[in-house]
Amino acid sequence: HLLLVMSGIAYNSWSDLIPSYPTEASVEFPAKASKAAPPDVPPDNEDNESDGKQIVALHKRLRLVRKKLRQIGELEAAKDQGVDLDDDQEEKLSKKSALEAEHDELSSKLGLNRPHESENQNVGG
(Lines give C-alpha, C1' and ligand atoms only; values in the text may rest on other atoms or scores of the structure.)
Protein backbone atom coordinates (compact mmCIF):
# COMPACT_ATOMS: atom_id res chain seq x y z
CA HIS A 1 0.00 0.00 0.00
CA LEU A 2 1.43 3.37 -1.10
CA LEU A 3 1.07 6.51 0.98
CA LEU A 4 2.02 9.84 -0.59
CA VAL A 5 2.36 12.97 1.44
CA MET A 6 2.37 16.30 -0.37
CA SER A 7 1.82 19.71 1.19
CA GLY A 8 0.85 17.99 4.41
CA ILE A 9 -1.96 15.96 2.76
CA ALA A 10 -1.80 12.18 2.59
CA TYR A 11 -2.82 10.46 -0.66
CA ASN A 12 -3.29 6.70 -1.18
CA SER A 13 -2.23 6.69 -4.86
CA TRP A 14 -1.18 8.91 -7.72
CA SER A 15 -4.75 8.90 -9.09
CA ASP A 16 -5.86 10.70 -5.92
CA LEU A 17 -3.74 13.64 -7.09
CA ILE A 18 -5.62 13.97 -10.39
CA PRO A 19 -8.77 15.99 -10.00
CA SER A 20 -11.90 14.25 -11.11
CA TYR A 21 -14.09 16.30 -13.39
CA PRO A 22 -17.82 15.71 -13.46
CA THR A 23 -19.22 14.03 -16.52
CA GLU A 24 -21.95 15.64 -18.56
CA ALA A 25 -24.48 13.09 -17.33
CA SER A 26 -23.74 13.86 -13.68
CA VAL A 27 -24.07 17.64 -14.00
CA GLU A 28 -27.35 19.49 -14.08
CA PHE A 29 -27.03 22.55 -16.28
CA PRO A 30 -29.22 25.55 -15.47
CA ALA A 31 -31.99 26.32 -17.91
CA LYS A 32 -31.02 28.83 -20.57
CA ALA A 33 -31.81 32.35 -19.55
CA SER A 34 -34.73 33.86 -21.37
CA LYS A 35 -34.10 36.81 -23.64
CA ALA A 36 -36.47 39.00 -21.67
CA ALA A 37 -34.93 42.24 -20.50
CA PRO A 38 -33.76 42.32 -16.90
CA PRO A 39 -36.16 44.15 -14.60
CA ASP A 40 -33.82 47.13 -14.12
CA VAL A 41 -33.71 47.90 -17.87
CA PRO A 42 -36.48 50.24 -18.98
CA PRO A 43 -38.79 48.68 -21.58
CA ASP A 44 -38.12 51.47 -24.09
CA ASN A 45 -34.46 50.40 -24.39
CA GLU A 46 -35.35 48.68 -27.66
CA ASP A 47 -36.68 51.97 -29.00
CA ASN A 48 -33.41 53.68 -28.09
CA GLU A 49 -31.47 51.02 -29.99
CA SER A 50 -33.68 51.36 -33.05
CA ASP A 51 -33.34 55.16 -32.87
CA GLY A 52 -29.56 54.73 -32.78
CA LYS A 53 -29.67 52.40 -35.77
CA GLN A 54 -31.87 54.86 -37.64
CA ILE A 55 -29.44 57.71 -36.96
CA VAL A 56 -26.55 55.56 -38.21
CA ALA A 57 -28.55 54.75 -41.35
CA LEU A 58 -29.30 58.45 -41.93
CA HIS A 59 -25.60 59.35 -41.58
CA LYS A 60 -24.68 56.57 -43.99
CA ARG A 61 -27.22 57.80 -46.55
CA LEU A 62 -25.99 61.37 -46.10
CA ARG A 63 -22.41 60.29 -46.83
CA LEU A 64 -23.62 58.55 -50.00
CA VAL A 65 -25.56 61.61 -51.15
CA ARG A 66 -22.54 63.85 -50.49
CA LYS A 67 -20.36 61.48 -52.51
CA LYS A 68 -22.80 61.61 -55.44
CA LEU A 69 -22.99 65.40 -55.26
CA ARG A 70 -19.19 65.58 -55.22
CA GLN A 71 -19.07 63.36 -58.33
CA ILE A 72 -21.68 65.56 -60.02
CA GLY A 73 -19.52 68.61 -59.25
CA GLU A 74 -16.57 66.91 -60.90
CA LEU A 75 -18.69 66.03 -63.95
CA GLU A 76 -19.92 69.64 -64.20
CA ALA A 77 -16.34 70.90 -64.06
CA ALA A 78 -15.31 68.45 -66.78
CA LYS A 79 -18.29 69.48 -68.92
CA ASP A 80 -17.39 73.16 -68.47
CA GLN A 81 -13.90 72.37 -69.79
CA GLY A 82 -15.41 70.86 -72.93
CA VAL A 83 -15.29 67.16 -72.06
CA ASP A 84 -18.05 65.18 -73.74
CA LEU A 85 -20.06 63.21 -71.18
CA ASP A 86 -21.63 59.85 -71.89
CA ASP A 87 -25.30 59.05 -71.28
CA ASP A 88 -24.71 57.66 -67.77
CA GLN A 89 -22.84 60.80 -66.75
CA GLU A 90 -25.57 63.04 -68.17
CA GLU A 91 -28.15 61.00 -66.25
CA LYS A 92 -26.15 61.52 -63.05
CA LEU A 93 -26.12 65.28 -63.71
CA SER A 94 -29.91 65.25 -64.10
CA LYS A 95 -30.29 63.91 -60.54
CA LYS A 96 -28.51 66.87 -58.96
CA SER A 97 -31.57 68.79 -57.75
CA ALA A 98 -33.16 65.66 -56.23
CA LEU A 99 -29.91 64.82 -54.45
CA GLU A 100 -29.59 68.39 -53.16
CA ALA A 101 -33.13 68.20 -51.75
CA GLU A 102 -32.37 64.83 -50.12
CA HIS A 103 -29.14 66.23 -48.69
CA ASP A 104 -30.98 69.16 -47.13
CA GLU A 105 -33.67 66.88 -45.71
CA LEU A 106 -31.13 64.46 -44.20
CA SER A 107 -29.07 67.31 -42.77
CA SER A 108 -32.17 68.78 -41.20
CA LYS A 109 -33.21 65.43 -39.68
CA LEU A 110 -29.74 65.01 -38.21
CA GLY A 111 -29.62 68.60 -36.98
CA LEU A 112 -26.64 69.49 -39.16
CA ASN A 113 -28.25 72.27 -41.24
CA ARG A 114 -25.09 72.85 -43.22
CA PRO A 115 -25.38 73.64 -46.92
CA HIS A 116 -24.05 70.98 -49.26
CA GLU A 117 -20.79 71.43 -51.11
CA SER A 118 -22.17 72.74 -54.39
CA GLU A 119 -23.69 75.74 -52.57
CA ASN A 120 -20.31 76.44 -50.94
CA GLN A 121 -18.63 76.46 -54.36
CA ASN A 122 -21.02 79.11 -55.72
CA VAL A 123 -20.56 81.49 -52.78
CA GLY A 124 -18.21 84.40 -53.47
CA GLY A 125 -17.50 83.19 -56.99
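Keep in mind that this is a model prediction, so the values were computed, not measured.
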Asks: Same cluster or not: are Leu69 and Leu110 linked, directly or through other Ile, Leu, Val, Met, Phe, Trp or Tyr residues, by side-chain heavy atoms under 4.5 angstrom apart?
Replies: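 Same cluster.
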Asks: Mind checking salt bridge (charged side-chain N to carboxylate O under 4.0 Å, His left out) for Lys79 and listing every partner two or more places apart, or none if nothing turns up?
Replies: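 Lys79: salt bridge (charged side-chain N to carboxylate O under 4.0 Å, His left out) contacts with Glu90.
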Asks: Using side chain to side chain donor-acceptor pair (under 3.5 Å) as the criterion, list what pairs up with Glu102, not counting sequence neighbours.
Replies: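 Testing Glu102 for side chain to side chain donor-acceptor pair (under 3.5 Å), a comparison that skips the adjacent residues, returns Arg61.
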Asks: Mind checking side chain to side chain donor-acceptor pair (under 3.5 Å) for Glu74 and listing every partner two or more places apart, or none if nothing turns up?
Replies: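 Per chain and number, Glu74 pairs via side chain to side chain donor-acceptor pair (under 3.5 Å) with no residue.
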Asks: Looking only at heavy atoms, which two atoms of Leu99 and Val65 are closest? And how far apart?
Replies: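 Closest approach of Leu99 to Val65, heavy atoms only: O-CG1, 3.5 Å.
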Asks: Holding to side chain to side chain donor-acceptor pair (under 3.5 Å), I want the full list of residues that pass it with Lys92, two or more places apart in sequence or in another chain.
Replies: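 Applying side chain to side chain donor-acceptor pair (under 3.5 Å) to Lys92 gives Gln71.
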Asks: Does Leu112 form a side-chain contact (heavy atoms from CB on, under 4.5 Å) with Leu62? I'd like the steps, not just the answer.
Replies: CA-CA 11 Å; Leu112 301 176; Leu62 182 61; 3.4 Å; yes
Asks: Test of understanding: with salt bridge (charged side-chain N to carboxylate O under 4.0 Å, His left out), list the residues that count as partners of Lys95, not counting sequence neighbours.
Replies: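 Once residues adjacent in sequence are excluded, the partners of Lys95 under the salt bridge (charged side-chain N to carboxylate O under 4.0 Å, His left out) criterion are Glu91.
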Asks: Report the residues that fulfil side chain to side chain donor-acceptor pair (under 3.5 Å) with Arg63, sequence neighbours left out, ordered by chain and then residue number.
Replies: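 Expected list: none.
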Asks: Please round to the nearest 0.5 Å and tell me the distance separating atom CG of Leu106 and atom NZ of Lys60.
Replies: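 Separation between the atoms: 13.5 Å.
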Asks: Do side-chain atoms of Ser107 reach the backbone of His103 as a donor and acceptor pair under 3.5 angstrom?
Replies: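 A pair under 3.5 Å: yes.
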Asks: Asp86: what forms a side chain to side chain contact (heavy atoms under 4.5 Å, CB included) with it, not counting sequence neighbours?
Replies: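 In terms of side chain to side chain contact (heavy atoms under 4.5 Å, CB included), with neighbours along the sequence ignored, Asp86 is linked to Asp88, Gln89.
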Asks: Checking side-chain contact (heavy atoms from CB on, under 4.5 Å) for the pair Lys96/Lys68: CA distance, chi angles, key distance, verdict?
Replies: CA-CA 9 Å; Lys96 179 180 179 179; Lys68 288 181 179 183; over 6 Å; no
